[in-house]
Amino acid sequence: MVVCGDDGLAHRLAAELRGVYGEQVTLVVPPSVTTARPPVVGRARAASAALLDRWVNRANGDPAGNGRVVEAPEITEAVLADAGVDRAAALALVYDDDETNIRAALTARRINPRLRLVLRLYNRRLGQHIEELLDQAAALATGVDDIGADASTTVLSDADTAAPALAATALAGTSKVVQTDGLLLRAVERQPWRGRITDPGLATLALLSSTNSDSESGDEQGPQLLPDDAAVRAATGRGAVVLEQVSYSGPPLPTGRAGGVLPAFASLFSRRLRWSLAGLVGCVLALAVALTVVTGDHPLYATYETLLDLFAINEPALNQPLGRQILQLLSGLLGLLLLPVLLAAVLEALGTFRSASALRKPSRGLGGHVVLLGLGKIGTRVLTRLHELNIPVVCVEADPDARGLATARRLRVPVILGDVTQEGVLESAKIHRANALLAVTSADTTNLEAALYARSVRPDLRVVLRLYDDDFATAVYRTLRAAHPGASTRSRSVTHLAAPSFAGAMMGRQILGAIPVERRVLLFAAVDVAGHPQLEGKTIAEAFRPGAWRVLALDTATLDERQPDLALPPSPDNDDGDARPSGLVWDLHEGYVLQRGDRVVLAATRRGLAELLGRRRREPAGT
């Protein structure tokens with residue numbers, strides 16, 4: 001495996017491939033990355049350098065020679081050849097610059113057409129075109145129409161892979177989430193009641209240790225991942241981790257919430273103008289009723305006469321009863337009052353449409369929302385994910401040229417332009433009525449300062465921090481938890497959340513997400529049944545390997561036919577293995593036979609997935 005990058009994601013990815021999958025890894029980094037580059041975010045760059053130092057020390061001390069570091073100022077054909085791309089199984093290009101990754105991918109595909117490529121690209125539309133181009137080039141070079149997973153190209157984004165976890169942390173207080181086909185799922189810890197777990201959810205993923213602590217313990221006391229039904233029934237008194245859907249639990253959202261192309265009718269006019277218009281309409285109706293009483297005319301005809309008098313286009317009420325003349329004078333006076341109100345309505349409507357493309361401000365009655373700090377790469381993806389979940393959001397951004405402002409303007413999300421460390425900015429975002437604060441700026445100190453200030457305003461606020469340095473994040477988490485034991489505090493690293501997905505893609509399959517269970521990790525992957533003897537031709541029950549992997553859902557539709565949401569599960573009485581449900585389905589019958597054209601979503605341990613993919617850990621030489 002070859003990993004090329006210039007930040008912490010490359011180092012974490014190399015450590016993941018080497019430590020979990022036991023792969024031979026060559027890490028290509030810029031020369032003297034620990035000292036040549038000036039610090040971008042202070043501790044973030046220092047932490048990246050420390051992580052590289054630890055990886056290099058482990059690589060140098062590895063008796064099996066499974067680690068190697070190559071320093072190169074830029075990725076050229078000679079550098080890729082020196083890194084062994086011509087004989088490598090997979091190459092990950094995780095530079096922070098999209099152009100660098102694309103140029104290196106084109107060169108690597110020419111050197112080794114059978115190479116599995118994993119690219120880090122922020123531009124998703126460009127990534128789809130690049131993925132198709134590189135796969136087509138591999139097919140032409142190898143002469144195989146279906147290149148499969150061995151020479152496939154996977155385009156990922158650290159922002160996209162980390163955004164669901166960050167969004168779910170702000171909503172549910174946990175990052176134990178996985179996203180598949182537009183549905184956000186989370187792992188929930190359930191404690192037993194009367195010795196049993198009352199709600200198993202979609203699936204039981206793990207049995208917690210008897211102490212349910214994060215301390216290291218023996219195997220008999222540790223968590224049991226992917227247990228079978230017998231183990232679940234026998235585990236009396238132990239908590240369990242079950243899978244369920246993430247949903248918004250805040251206050252109900254108003255109907256017709258802004259988000260369409262045209263602004264809502266209520267937003268066209270101010271409240272004072274709406275009351276003025278309502279008063280005028282009421283006066284017109286009162287005059288029409290009075291005219292009906294005075295003249296005895298039909299109510300519709302009386303209303304018509306009143307409108308004519310209102311607009312001064314009716315004949316004078318000469319030689320008519322005194323009551324009719326008085327009502328005509330009152331209608332004319334009301335018409336004079338109507339002119340400025342109509343003019344004000346036109347001006348306000350024009351101003352509203354003119355500012356429809358401008359940034360919105362939070363409404364006065366807004367509450368139960370998420371305050372999102374930072375609209376960079378990560379913040380933009382998190383904003384999109386929260387909006388797709390119909391969660392009210394207020395964004396705070398200091399840079400008026402941030403890339404996420406266009407997305408916020410398109411989604412009509414309120415934005416506060418200002419430095420979050422300045423007094424009054426968080427108050428403008430209604431932090432005192434918010435449900436959660438999600439600080440995802442690129443500066444650790446800014447995120448921490450905002451979190452501390454928000455906690456001073458509202459001690460029970462749920463806070464999620466994006467912190468790069470693991471040691472710093474651990475210290476912050478423990479301190480905030482001790483200072484505010486009744487509030488939820490989480491610290492997350494984007495590279496830590498994204499590394500398992502990139503590693504799984506290098507192993508040949510798409511990783512949908514990772515869920516931590518105490519000190520162990522469960523991976524969720526989408527795997528084609530074809531080519532896997534452990535799955536192909538097996539029933540759901542036979543394909544289940546306790547402690548290794550478990551099939552959760554089945555997708556028999558083609559890529560073009562797949563729906564964004566989950567389909568209904570098959571009928572429980574469907575025992576026929578030939579009956580093939582279409583779309584992504586859950587709650588599968590144990591007798592369903594997995595066939596070659598099926599695609600499954602499964603949960604697996606890291607080593608279980610490595611075994612399923614046919615790449616077991618290598619033992620050191622001489623053992």
Side-chain angles (χ1 to χ4, degrees), residues 1-6 9-10 13-14 17 21 23-29 68 70 72-95 97-157 501-511 525-533 536 558-560 596-597 599 609-610 612-615 618:
M1 302 288 179
V2 180
V3 179
C4 304
D6 57 354
L9 179 58
L13 177 56
L17 292 170
Y21 297 97
E23 295 292 331
Q24 295 181 359
V25 182
T26 298
L27 178 61
V28 181
V29 294
R68 177 176 171 233
V70 176
E74 60 181 5
I75 297 298
T76 62
E77 186 172 351
V79 172
L80 293 176
D82 182 41
V85 169
D86 56 334
R87 58 185 182 277
L91 167 66
L93 298 166
V94 293
Y95 287 95
D97 180 46
D98 288 1
E99 183 180 353
T100 301
N101 294 329
I102 294 174
R103 185 186 300 112
L106 296 175
T107 304
R109 180 61 81 202
R110 186 175 65 254
I111 296 175
N112 187 353
R114 299 184 179 276
L115 181 69
R116 187 182 307 120
L117 288 175
V118 178
L119 277 71
R120 172 189 183 182
L121 295 181
Y122 180 80
N123 191 330
R124 290 181 290 184
R125 180 175 300 179
L126 176 61
Q128 294 177 356
H129 296 310
I130 292 297
E131 186 173 338
E132 294 174 359
L133 176 64
L134 293 175
D135 283 345
Q136 183 178 1
L140 292 176
T142 57
V144 179
D145 294 336
D146 186 9
I147 59 175
D150 292 335
S152 63
T153 304
T154 303
V155 176
L156 296 176
S157 168
S501 297
F502 281 81
M506 292 189 71
M507 296 303 298
R509 293 298 183 268
Q510 178 67 48
I511 302 297
V527 179
D528 294 326
V529 173
H532 294 282
E536 188 175 354
T558 62
L559 184 61
D560 297 334
R596 187 175 184 83
R599 180 175 180 264
L609 184 60
L612 183 64
L613 299 181
R615 304 181 68 90
R618 296 183 180 89

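By convention here, the first residue in the shown sequence is residue 1.
- Using a cut-off of 4.0 Å between Lys/Arg side-chain N and Asp/Glu carboxylate O, R68 and D82 are scored as salt-bridged.
- Contact annotation: the side chain of T107 never approaches that of I75 to less than 4.5 Å [non-hydrogen atoms, C-beta and beyond].
- Summarising the geometry of S152 relative to R109, their closest heavy-atom pair is O-NH2, 3.9 Å, with the distance given to 0.1 Å.
- Looking at R116, its side chain never comes within 3.5 Å of a backbone N or O of A90 through a donor-acceptor pair.
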May I have the step-by-step check of side chain to side chain contact (heavy atoms under 4.5 Å, CB included) for L126 and I102, ending in yes or no? CA-CA 10 Å; L126 176 61; I102 294 174; 3.7 Å; yes
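- Interatomic distance, L133 CG to L106 CG, rounded to the nearest 0.5 Å: 6.5 Å.
- Residue E132 holds its CD atom at 8.5 Å from CD of Q136, rounded to the nearest 0.5 Å.
- The CG atom of L117 sits 8.5 Å away from atom CG of N112, with the distance rounded to the nearest 0.5 Å.
- Residues L80 and D86 are not in side-chain contact: their nearest non-hydrogen atoms beyond the backbone lie 4.5 Å or more apart.
- For E77 against I111, the heavy-atom pair with the smallest separation is CG-CD1, 3.7 Å.
- The minimum heavy-atom distance between L13 and A503, with the atom names listed, is CD1-N, 3.4 Å.
- How far CZ of R120 is from CG of L156: 11.0 Å, rounded to the nearest 0.5 Å.
- Closest heavy-atom contact between A505 and T154: CB-CG2, 4.0 Å.
- Taking every heavy atom of both residues into account, V28 and Y95 meet most closely at O-OH, 4.1 Å.
- When every heavy atom of V2 is checked against every heavy atom of M506, the shortest pair comes out as O-CE, 3.7 Å.
- Separation of atoms CZ (R596) and CG (D528) is listed at 10.0 Å; rounding is to 0.5 Å.
- By the 4.5 Å heavy-atom criterion applied to side chains, N101 and L121 are counted as neighbours.
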